[in-house]
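The shown structure was predicted, so the numbers you read here are calculated from the model rather than taken from an experiment. Residue numbers start from 1 in every chain, and the chains themselves are labelled A, B, ... in the order their sequence lines are given, proteins ahead of strands.
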Amino acid sequence: MAAADLHNSAIADALEELGDLYELDGAVVHRVLAYRNAARSIRESPVSVATLARQGRARELPKVGETIEGKILALLDTGDIPAAKKLRERFPAGLIEITRLPGLGAKRARLLYDELGIDSPQALGAAARGGKLQAVKGLGAKFEQRVLGALEAGPRPRGNERLLLPQAIEMAESIVSSLRQHGPADLDIEIAGSIRRGVEAVKDVDLVAVTESPQQLLSALAKLEQIESVSSASLTAARGLTHSGLPIDLRIAPPKLKGSLLQHFTGSAAHNAALREIAVKEGLDVSEHGIEDDRGGETIRCETETQVYDALRLSWIPPELREHRGELVAARLKGEREGRSRTGKRERQAREDPRDAEASGEEGRLPRLVAERDIKGDLHCHTIASDGVATIEDMAATAKERGYAYLAITDHSATHGFGNDVSPDELLRQIERVREIDSQMEGFTLLAGSEVNILPDGSLDYGDEILQQLDWVVASVHTFFRMSSSEMTKRIVTAIEHPCVDVIGHPTGRKIEKREPYELDLEAVIEAALRTGTFLEINGAPDRRDLPEMHARAASRAGVKLVIDSDAHRPATLANIRWGVLTARRAWLTKDDVANTRTWDELAGIRKRGRSHGLSARSY
DNA sequence: GCCGTTTTCGGCCCGACTGTTTTCAGTCG
């Protein structure tokens, strides 16, 4: 009885649960970690792991080997993993819940289960209130108090209480600016952590500061109006909480250590772990306190991040890439490596293995990431004709002020269905209006476009005779999200094959922290986009950032060009292009990978219509 | 359990903090 194909997140959850169960069972930590690493890899995969596994290709994913591949297949075929089933009979579900309480882990959960038979958070609470926990060797009164506090606070949020990046940046910048104002005179402070890496949503704010007067900085933090409470155990760190409950982690070091500190607290955890593994092989110990040589004993204190990477013979890595997704291989300095490599021959042999070909192809080739200043125009925005709040003139003027050379006006199409649709007649009038305003603007091209709905059968909701009059067509799914993967894929591929469609808007439909993407075979979509010369969008709306980074990376690797858009509904949100660029950077995209880093004429020349007809932009 | 500058076996990152300890284990980031 083949189960319906599971989502990547469901497969990842199952492996994480198995890891938790093995941990309770007392497995060596590396085995547990192996399941968690595999789960992360599966969660990040842009393509369906179920499909991949059924094709016998699961091991193409990093961290998935023979054993885990077998477990994935068992899960797909039978709906469960036999090993998990067996362990679940031995360890009640409540035990895993206990391991999620702050301050408690697998070891203590197991200890309490073995000694006192505690098998749920409820039983744990009762035992703690009865003073029974102290009887266990190694546990005391303070532990008991902590358990009660933890039960009160409830289980750790599992990643669903994250704050979208713009709000997090706003709070972080406001705190940084207040500390610069009220902190010590020599203060040098920066935002680090996941915000600096440009992730979509964050659970806390990491700040790193260097100063010779840490005490003064700590008292300044405690007095900030944004801060509700602060706890600090030393002069090197403090954890504050904003009134909205956002944790603020502040790390402090002397100025000589700024590079080490910033590198360490920018992360990610996976990047740092991999970095330290490389260091160990060189006989070096890397930490926030500097780089220590095993033999010499002398510690290199790094004032800049470049010094940290340099010591490991790596080039400086842009924060957006620090996710342990191949950046350390790509950052390896080539000439240095050859000279000092101990096993050059073996390495050449390894490169002949096709599984290594991709990695070595990227070796020494850190991409020159696309930047916001490279964007020459925005190709997705709305006006009062649909659900925007500004006029065409206002949007165009702001786009021009931003330094763009072009802007496409792309209001929603006829069946948008929220009372703000644009009928075919209205669209014709809108085209006229756009042409008129365009003729009055100097050094700027205003394009008549539309964000056309893709109907369930893949057709578009304007006729071809109207679409052909448009300079630019974004096709997007806004309705009927709950189709099967094959139906949705067929629907989008049909739209991609339409000769007038230039780009697919927010291709996965996900809303960060709110809505899962719809079912889709991304490989088929990428194949169709490549075959037809259709672009895929990276929508810059901060709750979309769609395509997501791993999908965008897969698309560009296949050769598909991406378009970064703001999807602005008012002049100010044209600035949302920033979040799209961040996603593109996290996807390793260069200027060349992004179509709208080109002039309008150049862009029009490489798109489907330009390619197939050899026609210039307007004369379609 | 995965994986390879240690390459098919034997490793697998670092430090702070906490609470309970006379030297360390567990948890966390």
S.K.: Just to verify, what does T67(A) make a side-chain hydrogen bond (donor to acceptor under 3.5 Å, both in side chains) with, not counting sequence neighbours?
M.R.: none
S.K.: From the set dT6(B), dT20(B), dC2(B), return the single nucleotide nearest to any side-chain atom of K142(A).
M.R.: dT20(B)
S.K.: Heavy atoms under 4.0 Å is the rule here; annotate nucleotides 21-26 of chain B 5' to 3' with B where the base is hit, S where only the sugar-phosphate is, and - elsewhere.
M.R.: -----S
S.K.: Mind checking the P distance from dG11(B) to dT6(B)? Whole angstroms is fine.
M.R.: 12 Å
S.K.: For A141(A), report the nucleic acid contact type (base, sugar-phosphate, nothing); a contact means any heavy atom under 4.0 Å.
M.R.: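 Sugar-phosphate contact only.
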S.K.: What pairs with H264(A) under side chain to side chain contact (heavy atoms under 4.5 Å, CB included), at least two apart in sequence or on another chain?
M.R.: N272(A), R276(A), E288(A)
S.K.: OH of Y22(A) versus P of dC2(B): gap in Å, rounded?
M.R.: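 It is 11 Å, rounded to the nearest whole Å.
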S.K.: Taking side chain to side chain contact (heavy atoms under 4.5 Å, CB included) as the definition, give me every residue that meets it alongside P542(A), ordered by chain and number, with sequence neighbours left out.
M.R.: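 Expected list: P166(A), N576(A), W579(A).
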S.K.: Give me the distance, rounded to whole Å, that separates dT20(B) from dG26(B) when you measure between the P atoms they each carry.
M.R.: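 My reading of the P atoms in dT20(B) and dG26(B) gives 14 Å.
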S.K.: Which listed nucleotide (dG1(B), dC3(B), dG29(B)) is nearest to the side chain of R251(A)?
M.R.: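 So the side chain of R251(A) is nearest to dG29(B).
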S.K.: Expressed as a whole number of angstroms, how long is the span from L250(A):CG to dG29(B):C1'?
M.R.: 15 Å
S.K.: Atom CD1 of I278(A) and atom C1' of dC3(B): how far apart are they, to the nearest Å?
M.R.: 14 Å
S.K.: Could you state the atom-to-atom distance from CZ of R100(A) to C1' of dC28(B) in whole Å?
M.R.: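 Going from CZ in R100(A) over to C1' in dC28(B) covers 15 Å.
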S.K.: Around atom CZ of R368(A), are there more than 12 heavy atoms of other residues, nucleotides or ligands at under 6.0 Å?
M.R.: no
S.K.: Would you be so kind as to tabulate the donor-acceptor pairs closer than 3.5 Å made by side chains of residues 123-142 of chain A, with sequence neighbours excluded?
M.R.:
| from | atom 1 | to | atom 2 | distance (Å) |
| --- | --- | --- | --- | --- |
| Q134(A) | NE2 | E144(A) | OE1 | 2.9 |

S.K.: Any salt bridge between R553(A) and E323(A), counting N to O under 4.0 Å?
M.R.: no
S.K.: Taking distance alone, no hydrogens or angles, what donor-acceptor pairs closer than 3.5 Å link side-chain atoms of residues 236-248 of chain A to residues at least two apart or in another chain?
M.R.:
| from | atom 1 | to | atom 2 | distance (Å) |
| --- | --- | --- | --- | --- |
| T236(A) | OG1 | S234(A) | OG | 2.9 |
| R239(A) | NE | D249(A) | OD1 | 2.9 |
| R239(A) | NH2 | D249(A) | OD2 | 3.0 |
| T242(A) | OG1 | S244(A) | N | 3.3 |
| T242(A) | OG1 | S244(A) | OG | 2.9 |
| T242(A) | OG1 | G245(A) | N | 3.4 |
| T242(A) | OG1 | L246(A) | N | 3.0 |
| H243(A) | NE2 | E225(A) | O | 2.9 |

S.K.: What's Y35(A) touching, base or sugar-phosphate or nothing? Going by heavy atoms closer than 4.0 Å.
M.R.: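 Sugar-phosphate: the residue Y35(A), judged by heavy atoms under 4.0 Å, touches backbone atoms but no base.
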S.K.: Work out how far the C1' atom of dC2(B) is from that of dT8(B), and round it to whole angstrom.
M.R.: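 Between the two C1' atoms, the distance is 12 Å.
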S.K.: Test: salt bridge (Lys or Arg N to Asp or Glu O under 4.0 Å). Region: residues 108-119 of chain A. Which pairs qualify, not counting sequence neighbours?
M.R.: R110(A)-D114(A)
S.K.: Say we look at dT27(B) and dT21(B): how far apart would their P atoms be, to the nearest angstrom?
M.R.: 16 Å
S.K.: Does dA16(B) have OP1 or OP2 sitting under 4.0 Å from an N or O in the side chain of S234(A)?
M.R.: no
S.K.: Using 4.0 Å as the upper bound for N to carboxylate O, is an ion pair formed by R196(A) and E305(A)?
M.R.: yes
S.K.: For nucleotides 12-15 of chain B, list the nitrogen or oxygen atoms of the protein found under 3.5 Å from its nitrogen or oxygen atoms, one pair per line.
M.R.:
| from | atom 1 | to | atom 2 | distance (Å) |
| --- | --- | --- | --- | --- |
| dC12(B) | O3' | E277(A) | OE2 | 3.4 |
| dC13(B) | OP2 | E277(A) | OE2 | 2.5 |
| dC13(B) | O2 | R276(A) | NE | 2.4 |
| dC13(B) | O2 | R276(A) | NH2 | 2.3 |
| dC14(B) | OP1 | D285(A) | OD1 | 2.5 |
| dC14(B) | O4' | R276(A) | NE | 3.3 |
| dG15(B) | O3' | H289(A) | NE2 | 3.2 |

S.K.: Tell me, which pairs form a side-chain hydrogen bond (donor to acceptor under 3.5 Å, both in side chains) where one or both residues lie in residues 81-93 of chain A, sequence neighbours left out?
M.R.: E17(A)-R88(A), D25(A)-R90(A), D80(A)-R88(A)
S.K.: Should dA25(B) form a Watson-Crick or G-U wobble pair with both distances under 3.5 Å, which nucleotide is its partner?
M.R.: dT18(B)
S.K.: Near DNA chain B, under 4.0 Å by heavy atom, which residues of residues 235-248 of chain A?
M.R.: none
S.K.: Would you mind listing every ring pair (Phe, Tyr, Trp, His ring centres under 6.0 Å) that reaches into residues 18-42 of chain A, with sequence neighbours excluded?
M.R.: Y22(A)-Y35(A)
S.K.: Work out how far the C1' atom of dT18(B) is from that of dT23(B), and round it to whole angstrom.
M.R.: 15 Å
S.K.: Whole Å only: how far is the CG atom of L112(A) from the P atom of dG19(B)?
M.R.: 16 Å
S.K.: L101(A) CG to dT27(B) C1': how many Å, rounded?
M.R.: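 Distance check: L101(A) CG to dT27(B) C1' gives 13 Å.
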S.K.: Expressed in angstrom and rounded to an integer, what is the separation of R59(A) atom CZ from dG1(B) atom C1'?
M.R.: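 Distance, rounded to whole Å: 11 Å.
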S.K.: From CD of E66(A) over to C1' of dT8(B), roughly how many Å is that when rounded to an integer?
M.R.: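 It works out to 12 Å between those atoms.
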S.K.: Where the side chain of P102(A) is concerned, which of dC28(B), dG29(B), dG1(B) is the nearest nucleotide?
M.R.: dC28(B)
S.K.: So, are R586(A) and E200(A) salt-bridged, with charged N and O less than 4.0 Å apart?
M.R.: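 No.
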S.K.: Applying ring pair (Phe, Tyr, Trp, His ring centres under 6.0 Å), name anything that partners Y113(A), two or more places apart in sequence or on another chain.
M.R.: none
